[in-house]
**Q** 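Would you mind keeping the following structure in view while I ask a few things?
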Amino acid sequence: MNTRGASTGPGATGGRQRTRTLLPGVSRSWLPTLVGTICLLIGLVDIAGAIAPRLHSRRVDAVADLVPGLVISLATAATLVLGVLLVVLARALRRRKRRAWRALMVLLPLSAVLHVLRWHQPVAAAVSVVLFIVVLANRRQFYAESDPRTRWWAVWNLLGMTLFSVGAGLVIVSVHPDAEIGHYSFTDRLRHVGYGLLGVEGPVRYASDRASDLVYFSLAGLGLLTAVSTGYLALRPPGPAVPLSTDDERRLRGLLGRHGAQDSLGYFALRRDKSVLFSPSGKAAIAFRVVSGVMLASGDPIGDVEAWPGAIRTFMREAARHAWVPAVMGCSETGGEVWTRETGLDALEIGDEAIVEVADFTLDGRPMRNVRQMVNRIERAGYDCRIRRVADLTEREKQEIRASAESWRSTDTERGFSMALGRLGDPADGECVVVTAHERPNAAGTGTPSPDGDLRAILHFVPWGRDGISLDLMRRDRGADPGLNELLIVKALQAAPGLGVARVSLNFAMFRSALARGERLGAGPVLRSWRSVLLFLSRWLQIESLYRFNAKFRPIWEPRFLVYPTARDLPRIGISTLRAEAFIALDPRRILRRAGRRRRPV
């Protein structure tokens with residue numbers, strides 16, 4: 001996606017048979033899904049019944065008159081809070097979370113009692129009891145540990161619960177028009193909700209004590225739930241996600257030093273926002289990140305190919321322990337074969353990586369005429385290129401390159417996960433290669449003014465074994481002449497032999513083969529339709545443009561694959577990948593930074 005900027009142990013044998021025992025978290029059992037769905041329905045019924053009393057039947061209200069009004073009001077408010085909790089727990093129950101099961105064992109009996117007290121929806125009370133018995137008898141189905149968490153979840157909870165509480169509160173305040181004393185504006189009702197969430201009486205007055213108590217306790221219950229849940233999320237310790245530690249990075253660098261030539265994406269495992277799992281022998285490792293319940297790895301495992309199965313089994317056991325969906329983004333054909341053989345997962349070709357053999361690259365010949373003319377034109381326009389290792393840059397040059405790369409970024413967030421390092425100029429990355437384009441001042445000494453000085457474009461490559469480099473970042477000043485990226489790549493390829501580089505990995509082109517085959521003579525209607533869809537999406541995503549750009553350099557196309565459990569998991573994996581690559585940003589810190597930029601004076 002980036003544009004380069006209760007199971008049996010693993011000792012079982014037999015390919016796919018062994019695999020299914022490694023995947024209890026994504027087994028075909030329907031019970032957790034059914035339990036989660038029923039809890040969602042019960043929760044929605046509870047919320048609807050609590051905030052819309054007119055949903056009660058006349059017979060139920062007649063019976064309810066025999067019960068003290070305060071009891072009914074308290075039970076209704078408690079039912080509202082319990083309904084919200086059941087809705088929140090539904091997704092975790094579908095994902096087999098152990099903590100959600102424990103909470104359910106408390107909430108279901110309470111649900112039954114509350115429905116009996118209110119004499120409302122007795123069928124729901126019976127369903128709660130039956131569901132309690134079923135879930136208790138099948139408690140081993142709910143084994144998964146918690147997901148990675150940070151205290152930012154408390155911020156999201158506060159925002160989400162506050163919005164829900166205000167919306168539900170406005171409904172609760174407004175569904176008793178016959179009991180209201182006087183007429184109240186929307187502002188009065190909103191103030192009443194705000195006071196009520198804090199446990200204070202607001203400006204709206206009711207002639208009926210039952211209506212007044214019901215509104216008061218419902219609003220107070222919502223406010224208490226918002227405060228308690230936010231406090232719990234803020235105070236609980238973060239975990240279990242572990243970012244790349246210094247020791248993990250050291251071990252990964254050791255594996256890359258011995259086996260880094262196997263995969264052009266191997267160096268990107270050193271992103272420090274990833275976690276890593278090692279094989280039992282320590283000879284192989286898999287870097288990953290957990291996003292929205294998807295355990296997302298990228299590229300091939302790092303290390304000895306013979307140790308890959310051990311690392312894969314460790315990865316699958318970790319996914320099963322937390323009931324995460326395992327997925328691999330951008331693995332090679334060899335890596336895909338090992339993954340599918342060891343796990344029984346499926347593979348889908350998602351694009352091609354452009355690799356240029358330096359010894360075969362030349363600007364001569366008719367096929368390279370356009371690139372040759374563009375490069376000559378840019379050089380005549382007054383641009384020079386410099387190719388250096390990061391270790392050879394001064395600290396001032398590093399700061400200038402970092403500042404320029406950030407200012408030229410077209411988005412508020414740094415994109416990348418599977419094919420981007422996420423940093424530039426770090427002392428630990430001394431072997432990385434930086435290619436920069438600089439504009440020469442003209443004869444009169446009046447070069448085009450720019451806040452970035454004479455720096456106009458940047459390429460950043462990471463090591464690929466001992467004789468290769470892989471493109472990480474490609475940025476240019478939008479005010480500079482077009483064609484600078486072509487110039488930088490050509491200069492990098494021409495300078496590669498002097499750096500001991502024999503092969504260069506360029507951009508990853510999504511669905512390249514579909515675009516190429518779809519434009520050929522004789523392409524079928526399905527292939528032409530799929531190509532049309534890709535061209536339409538290219539208006540927002542760099543699909544066709546990257547393919548065309550890469551093709552200019554006559555590369556070797558190496559297919560890359562997505563490994564996934566089932567077709568129904570693909571939408572979820574797709575959304576998680578977009579989040580990991582920062583095409584979808586839900587991080588509160590990024591939102592706050594974006595808001596800060598907008599407030600900053602120009």
**Q** Does the distance from a Lys or Arg side-chain N to an Asp or Glu carboxylate O, for Glu544 and Arg548, drop under 4.0 Å?
**A**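 Here Glu544 pairs with Arg548 in a salt bridge, since their nearest N and O are under 4.0 Å apart.
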**Q** Tell me whether Asn138 contacts the main-chain N or O of Val134 through its side chain, where contact means a donor paired with an acceptor under 3.5 Å.
**A**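 Yes; at least one donor-acceptor contact below 3.5 Å.
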**Q** What are the two closest non-hydrogen atoms of Glu353 and Phe508, and how far apart are they?
**A**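 Closest approach of Glu353 to Phe508, heavy atoms only: N-CD1, 4.2 Å.
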**Q** Determine whether a donor-acceptor pair (N or O, by modelled atom type, separation under 3.5 Å) exists between the side chain of Ser229 and the backbone of Thr226.
**A**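 Confirmed, Ser229 side chain pairs with Thr226 backbone.
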**Q** Tell me whether Arg251 forms a cation-pi arrangement with Phe278, defined as NZ or CZ under 6.0 Å from the six-membered ring centre and within 45 degrees of its axis.
**A**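 Ring-cation test returns yes.
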**Q** Quick one, Met510 with Leu546, criterion side-chain contact (heavy atoms from CB on, under 4.5 Å). Give me CA distance, side-chain angles, the key distance, then yes/no.
**A** CA-CA 8 Å; Met510 286 190 64; Leu546 275 178; over 6 Å; no
**Q** Would a 4.5 Å heavy-atom cut-off, applied to side chains only, mark Leu488 and Ile387 as touching?
**A**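 No - every pair of side-chain heavy atoms lies 4.5 Å or more apart.
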**Q** Decide side-chain contact (heavy atoms from CB on, under 4.5 Å) for Val533 and Trp530; before the verdict, give the C-alpha distance in whole Å, the side-chain angles of both, and the deciding distance to 0.1 Å.
**A** CA-CA 5 Å; Val533 172; Trp530 176 224; 3.9 Å; yes
**Q** Of the non-hydrogen atoms in Ala492 and Phe461, which two are nearest, and what is the gap between them?
**A**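 Taking every non-hydrogen atom into account, CB-CE1, 4.1 Å.
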**Q** Working to the nearest 0.5 angstrom, can you tell me the gap between Ile556 CD1 and Glu357 CD?
**A**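 Result: 4.5 Å between the selected atoms.
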**Q** Restricting to non-hydrogen atoms, name the atom on Arg94 and the atom on Gly36 that form the minimum distance, rounded to 0.1 Å.
**A**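 Looking at all heavy atoms of both residues, the closest pair is CG-CA, 3.8 Å.
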**Q** Would you check if the side chain of Ser292 reaches a backbone N or O of Ser576 as a donor-acceptor pair within less than 3.5 Å?
**A**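 No.
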**Q** Between Asp569 and Arg572, is there a side-chain N and carboxylate O pair less than 4.0 Å apart?
**A**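 Salt bridge flag = no for Arg572 with Asp569.
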**Q** Is any side-chain heavy atom of Ile469 closer than 4.5 Å to one of Pro463?
**A**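 Not touching, per the 4.5 Å side-chain cut-off.
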**Q** Assess whether a salt bridge exists between Asp426 and Arg272, defined as any Lys/Arg side-chain N lying under 4.0 Å from an Asp/Glu carboxylate O.
**A**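 A salt bridge is present here (some side-chain N lies under 4.0 Å from a carboxylate O).
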**Q** Tell me yes or no: between the side chains of Glu558 and Ser332, is some donor less than 3.5 Å from an acceptor?
**A**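 Side chains of Glu558 and Ser332: no pair found under 3.5 Å.
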**Q** Decide yes or no for Phe142 and Leu93: does some side-chain heavy atom of the first lie under 4.5 Å from some side-chain heavy atom of the second?
**A**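 Answer yes - side chains close enough.
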**Q** Please name the pair of heavy atoms, one in Arg95 and one in Ala144, separated by the smallest distance, quoted to 0.1 Å.
**A**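 Smallest interatomic distance, heavy atoms only, reads O-CB, 3.8 Å.
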**Q** Test your reading of the model: is there a side-chain donor-acceptor pair from Asp392 to the backbone of Arg388, 3.5 Å cut-off?
**A**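 Answer holds: no.
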**Q** So, is the end of the Arg503 side chain (NZ or CZ) under 6.0 Å from the ring centre of Trp464 and within 45° of the ring's axis?
**A**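 Judged by the rule, Arg503 and Trp464 form a cation-pi pair.
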**Q** Looking at Glu337, is its backbone amide N or carbonyl O close enough to the side chain of Thr340 to form a donor-acceptor pair, meaning the two atoms are under 3.5 Å apart?
**A**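 Flag set: sc Thr340 to bb Glu337 pair under 3.5 Å.
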**Q** Looking only at atom types and distance, does a side-chain atom of Arg475 sit under 3.5 Å from a main-chain N or O of Ile458, one as donor and one as acceptor?
**A**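 No, Arg475 side chain to Ile458 backbone: no donor-acceptor pair under 3.5 Å.
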**Q** Decide yes or no on side-chain contact (heavy atoms from CB on, under 4.5 Å) for Val84 and Phe164, but give the supporting numbers first.
**A** CA-CA 10 Å; Val84 175; Phe164 171 81; 3.4 Å; yes
**Q** Any side-chain donor-acceptor pair under 3.5 Å between Tyr547 and Asp352?
**A**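 Judged by distance alone, the side chains do not pair up.
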**Q** Which heavy atom of Tyr267 sits nearest to which heavy atom of Ala428, and what is that distance?
**A**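 Minimum heavy-atom separation between Tyr267 and Ala428: OH-O, 3.9 Å.
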**Q** Yes or no on ring pair (Phe, Tyr, Trp, His ring centres under 6.0 Å) for Tyr143 and Trp101, after CA distance, side-chain angles and deciding distance?
**A** CA-CA 9 Å; Tyr143 54 81; Trp101 176 86; over 10 Å; no
**Q** Measure up the Phe553 and Phe549 rings against each other and bin them: parallel (under 30°), tilted (30 to 60°), perpendicular (over 60°).
**A**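 Phe553 vs Phe549 ring planes: perpendicular.
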**Q** Using a strict cut-off of less than 4.0 Å between a Lys/Arg side-chain nitrogen and an Asp/Glu carboxylate oxygen, indicate whether Glu145 and Arg98 qualify as a salt bridge.
**A**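 Salt bridge between Glu145 and Arg98, a charged N being under 4.0 Å from a carboxylate O: no.
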**Q** So Leu471 and Val504, do their side chains get closer than 4.5 Å, heavy atoms only?
**A**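 No. Closest side-chain heavy atoms not under 4.5 Å.
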**Q** Between the side chain of Arg139 and the main-chain N/O of Leu136, is any donor-acceptor distance below 3.5 Å?
**A**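 A pair under 3.5 Å: yes.
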**Q** Evaluate side-chain contact (heavy atoms from CB on, under 4.5 Å) for Val434 paired with Leu393, printing each intermediate quantity in order.
**A** CA-CA 9 Å; Val434 174; Leu393 296 173; 4.1 Å; yes
**Q** Does a salt bridge link Asp304 with Lys283, judged by any charged N lying under 4.0 Å from a carboxylate O?
**A**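 No.
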**Q** Is it the case that the side chain of Arg476 and the backbone of Ala457 share a donor-acceptor pair, with hydrogens and angles ignored and the cut-off at 3.5 Å?
**A**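 No, Arg476 side chain to Ala457 backbone: no donor-acceptor pair under 3.5 Å.
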**Q** Is there side-chain contact between Asp300 and Val338, with heavy atoms separated by less than 4.5 Å?
**A**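 Result no, sub-4.5 Å side-chain heavy-atom pair not found.
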**Q** Would you call Val276 and Phe288 a side-chain contact if the rule is heavy atoms closer than 4.5 Å?
**A**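 No - every pair of side-chain heavy atoms lies 4.5 Å or more apart.
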**Q** For Glu395, is there an ion pair with Arg402 - N to carboxylate O distance below 4.0 angstrom?
**A**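 A salt bridge links Arg402 with Glu395.
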**Q** If the threshold is 4.0 Å, N to carboxylate O, is there a salt bridge linking Glu249 and Arg253?
**A**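 Salt bridge flag = yes for Arg253 with Glu249.
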**Q** On the six-membered ring of Trp408, is Arg478 placed so that its NZ or CZ lies under 6.0 angstrom from the centre and within 45° of the ring axis?
**A**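 Ring-cation test returns no.
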**Q** Can you find a pair of side-chain heavy atoms, one from Leu31 and one from Val135, that are under 4.5 Å apart?
**A**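 With C-beta onward as the side chain, the pair stays apart.
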**Q** Between Arg289 and Ser298, is there a donor-acceptor pair closer than 3.5 Å when you use the side chain of the first and the backbone of the second?
**A**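 No, the answer is negative, given that no donor and acceptor are paired below the 3.5 Å cut-off.
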**Q** Between the main-chain N or O of His322 and the side-chain N or O of Lys97, is there a donor-acceptor pair closer than 3.5 Å?
**A**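 Yes; at least one donor-acceptor contact below 3.5 Å.
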**Q** Supply the atom-to-atom distance Leu41 CG to Leu86 CG, rounded to the nearest 0.5 angstrom.
**A**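 Between Leu41 CG and Leu86 CG, I get 11.0 Å after rounding to 0.5 Å.
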**Q** Looking just at side-chain N and O atoms, do Ser264 and Arg560 make a donor-acceptor pair shorter than 3.5 Å?
**A**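 There is such a pair between these side chains.
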**Q** To the closest 0.5 Å, what do you measure between CG (Leu85) and SG (Cys39)?
**A**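 These two atoms lie 11.5 Å from each other.
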**Q** With a 4.5 Å limit on heavy-atom distance, are the side chains of Trp339 and Ile286 in contact?
**A**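 When only atoms from C-beta onward are counted, Ile286 and Trp339 do touch, with a gap below 4.5 Å.
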**Q** Can you give me the closest heavy-atom contact between Gly330 and Ile350, atom names plus distance?
**A**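 Result for this residue pair: N-CD1, 4.1 Å.
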